[in-house]
Every structure is written in structure tokens, then in C-alpha cells.
Amino acid sequence: MSSNPDMGVAAAAIGDAPKKRSTTALKIYAMEAILLLLVIVLIAVAPGFATLGNALNVLRTGAMLGIIAFGMTAVIISGEIDLSVGAGVALAGCIVAYCSEQLAPSIDYPLAIVFGVIAAICVGVACGLFTGTIRRLFNVPTFITTLALFTALRGAANLISGGFPLTDLPGWFSFLGAGDLYGIPFPVYVLLVVFFGMQFLMKYTSYGRSVYAVGGNAEAARLSGINVYGVKTMALAITGGLTAVSGVLIASQIGSGTGTTATGMELDVIAAVIIGGTSLFGGKGRVWGTLLGVLFLGCVTNGMTLLNVNEYWQYVVRGAIILGAVLLNQILERVK
């Protein structure tokens, strides 16, 4: 009997289909599975982790990080990075507190706070525009420019505050960072608004598609008519503005503006984005993945605190997690 080669090929293809589907599911939902496993383990071993109060605490803390991380996702997908966000948070808090202290004697506190918030956001956006402009005019990597800004913004925050916490803030201002609305921390609402806004921007707009195109192949994007540096500058400006929003919420939560706020926060932001599956080489990433990364980091930090893990060991574990996330993403990229 003669065999039909085409039938053999078709059978092999049909046999490989379930395997390909399972591999694709593994690549797409790896972070979801890991986060679920982590939560199950912490529920079993960490006293008090499964309580509602603790869950809300994780969400409140994670919200401050996630607001910036969503913007950072666009920056990293575009092939750039921003190391100045921690210092930007401190500066934003100091600007709001300074405006409250200096303007409240002549105008009402609400107007002074509103003016301070607007000023902080404008400064944050301006820093992003500055970084993008330096990248366009002189082709200086954003790694270098934002590293310089990291130092300059931290210095500016200390200059404004005089090296001491600025605490002349009205009592009602604490609601933004420490208050609850219908039992849910107010920063979580801000987190959700930013999440859905960035999700829509990155997934359903031409700008979002341009970000992926620029990060995947900047030269091909340029030849296609995309303003490469314009796309990158916009991502940096958005991140600067979101950094200021987070800075305002943190200043509200702690009741002061201080130049030492959010020390090292830029590393946590970048870690959340990487853990969420965004490629450091650009062109790949998900806003949803970043949200998972933020929750993962929040659960890890909270779990170690509940387990009374030494603070220095916590840094070691978080460093290992970042490295593990990068290695896992590389492995999954190679899986056919």
C-alpha cells in the first residue's frame, strides 16, 4: 500500500497543536500562575496574611509603586529607562508641602494644595520632556540623563525642604494617601484609573502601537514614518507626571514632604516592570503584567515582614527575585 506524505504531515501538525497551545499558555500566563502559587504559600505560612486588613495594606502600598510602574512600562517598551523616579517622588512631595507652607497664609489651604499639586505634576512632566530632548539632540542614553536627574532632583528636594520634613499640611490632605473610600484605600482608586488609562493607551491607540514598534526596531519605525524620539519623549513625560502623582499621595500618607522619601524606589519600579514580563531590550511588555509584578513584589515584601525576615535578607531575596524574573523571561522567550 502506498502512503500519502501529506496525510503524515497533517497528522504531525495536528499532534503538535495541543503542545503549541500549552506552550503559548505557559508563556502568557506564567506570571499569573507564579503569583497565585505565592499567595497560596503565604496564606499557609505567614500569620495574618489572609486577613482583609493586610490585603488592603498590600494594595495601598502597591498603589504608590504601580502608578509609576505603568508609565515605566511604556518607557522600557520603547527601549529606554528612567532612573530618576524615586527622587522625583521626593521632589513632588516637597513642592506640595512647600506651597502649602508658603501660600496658605495668603490664600486658602485647598487652593495652596491644588497649586502645589499642579506645580509638582508640571515639574515631573518637564523632567520627562528634558530627558527626551537630550536624547533627541545629543543621543545621550536616558540611563545617563536620568541618573544625573536622580542626583539633581534629590538635591532640589533637600534644598526646598532645608533638609528637614515640611509638615505644614492640612489635616484633610491625609485622605489622599491614607484615607479610605467605601472601605478601599483611596490610592487604589487612583491606581485603577491609571491602569485602565495606560492599558487603553498601549493597547488601543496608534501611540501605543508606535511605542511597541519603536522598541522593537527603531530604524524600521522611523522608515515607516513614526517620530521615534517623539514617542520616547512622550513616554518619559507621562512617567514624570505619574511620578509626581505618586509623590503627592506619599506626602499625603506620611504627612510631610521630605528629601529622603522614596529612596531606592526607582529600583522597585523597574523590578515590578521586569517581573511583569516587559523586556529590557524593548518592544515587548504588558501593562497587565506590570500590575501582576507590583502585586507580586507587594506580597513578597509583606510576607517577609509578617515572617520577621531580617531586613537585609529581604534585600537579598528581592535581588534574587529580579534576577530570577529576567532569567525566566529569557527561558520562556526561547521556548518554541
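Computed from a predicted structure; not experimentally measured. FYI, side chains are in, hydrogens and waters are out, and symmetry mates aren't considered; it's all heavy atoms of this structure. Residue numbers run from 1 in the order of the sequence given.
A 4.5 Å side-chain heavy-atom check between Ile160 and Leu166 finds at least one atom pair inside the cut-off. When side chains are defined from C-beta on, Ile270 counts as touching Leu83, because their heavy atoms get closer than 4.5 Å. Within the 4.5 Å cutoff, side-chain heavy atoms of Met265 are placed close to those of Leu65. Looking at Leu328 and Ile34, their side chains come closer than 4.5 Å, going by heavy atoms from C-beta outward. You'll find the side chain of Thr131 stays beyond 4.5 Å of the side chain of Asp82, heavy atoms only. Using a 4.5 Å heavy-atom threshold, the side chains of Val287 and Lys203 count as separate. Here the side chains of Leu236 and Phe130 are not in contact, with every heavy-atom distance at 4.5 Å or above. Residues Gln253 and Pro187 are not in side-chain contact: their nearest non-hydrogen atoms beyond the backbone lie 4.5 Å or more apart.
With Glu266 contributing its side chain and Gly86 its backbone, the two residues share a donor-acceptor pair below 3.5 Å. A donor-acceptor distance shorter than 3.5 angstrom exists from the side chain of Ser174 to the backbone of Gly171, with no hydrogens or angles considered. Using a distance-only test at 3.5 Å, with no hydrogens or angles considered, no donor-acceptor pair links the side chain of Ser256 to the main chain of Thr167. Under the 3.5 Å distance criterion, the side-chain polar atoms of Ser252 are left unmatched by any main-chain donor or acceptor of Val248. Between the side chain of Tyr207 and the backbone N or O of Ala235 there is at least one donor-acceptor pair closer than 3.5 Å. In this structure a side-chain-to-backbone donor-acceptor pair under 3.5 Å is missing from Ser78 to Val211. Within the 3.5 Å criterion, the main-chain N or O of Pro110 finds no donor-acceptor partner in the side chain of Asp108. A donor-acceptor pair is defined here as one N or O able to donate and one able to accept, closer than 3.5 Å; such a pair exists between the side chain of Ser106 and the backbone of Leu103. With Tyr109 contributing its side chain and Trp172 its backbone, the two residues share no donor-acceptor pair below 3.5 Å.
Around CE of Met234, the count of heavy atoms belonging to other residues, nucleotides or ligands within 6.0 Å does not exceed 12. Heavy-atom neighbours of Phe296 CZ from other residues, nucleotides or ligands within 6.0 Å: above the threshold of 12. Tyr229 OH: more than 12 foreign heavy atoms inside a 6.0 Å radius. Applying the 6.0 Å contact sphere to OH of Tyr315 captures no more than 12 heavy atoms from other residues, nucleotides or ligands. For Phe281, the CZ atom sits in a loose shell: 12 or fewer heavy atoms of surrounding residues, nucleotides or ligands are nearer than 6.0 Å.
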Could you give the side-chain donor-acceptor pairs of residues 52-63 under 3.5 Å, partners two or more places apart or in another chain?
from  : atom 1 : to     : atom 2 : distance (Å)
Asn54 : OD1    : Asn302 : ND2    : 2.9
Asn54 : ND2    : Phe49  : O      : 3.1
Asn54 : ND2    : Asn302 : OD1    : 2.8
Arg60 : NH1    : Gly177 : O      : 3.2
Arg60 : NH1    : Ala178 : O      : 3.2
Arg60 : NH1    : Gly179 : O      : 3.4
Arg60 : NH2    : Asp180 : OD1    : 2.6
Thr61 : OG1    : Asn57  : O      : 3.1

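Residues passing the ring pair (Phe, Tyr, Trp, His ring centres under 6.0 Å) test with Phe115, sequence neighbours excluded: none.
Heavy atoms only, all atoms of each residue included: Val231 and Ser210 are closest at CG2-CB, 3.9 Å. When every heavy atom of Val214 is checked against every heavy atom of Ile226, the shortest pair comes out as CG2-CG2, 3.9 Å. Val273 and Thr73 get closest at one heavy-atom pair: CG2-OG1, 3.8 Å. Residues Ser84 and Thr146 share a closest heavy-atom pair of CB-O, 3.5 Å. Scanning all heavy atoms of the two residues, the minimum distance from Thr263 to Arg154 falls at CA-NH2, 3.6 Å. Residues Gly283 and Tyr212 share a closest heavy-atom pair of O-CD2, 3.4 Å.
Atom CD1 of Ile107 is separated from atom OG of Ser100 by 9.5 Å, given to the nearest 0.5 angstrom. The CD1 atom of Ile81 sits 11.0 Å away from the CG atom of Leu147 when rounded to the nearest 0.5 Å. Taken from OH in Tyr204 to CE in Met202, the straight-line distance is 13.0 Å, to the nearest 0.5 Å. Atom CD1 of Ile43 is separated from atom OG1 of Thr51 by 10.5 Å, given to the nearest 0.5 angstrom. Taken from SG in Cys94 to CG in Asn158, the straight-line distance is 7.0 Å, to the nearest 0.5 Å. The CD1 atom of Ile254 lies 4.0 Å from the OG1 atom of Thr261; values are rounded to the nearest 0.5 Å.
Linking Ile, Leu, Val, Met, Phe, Trp and Tyr whenever their side-chain heavy atoms come within less than 4.5 Å puts Leu292 and Val300 in one cluster. Ile118 is not connected to Leu242 by any chain of hydrophobic side-chain contacts under 4.5 Å among Ile, Leu, Val, Met, Phe, Trp and Tyr, and they are in different clusters. Hydrophobic clustering, with ILVMFWY side chains joined whenever heavy atoms are under 4.5 angstrom apart, keeps Val193 apart from Ile184.
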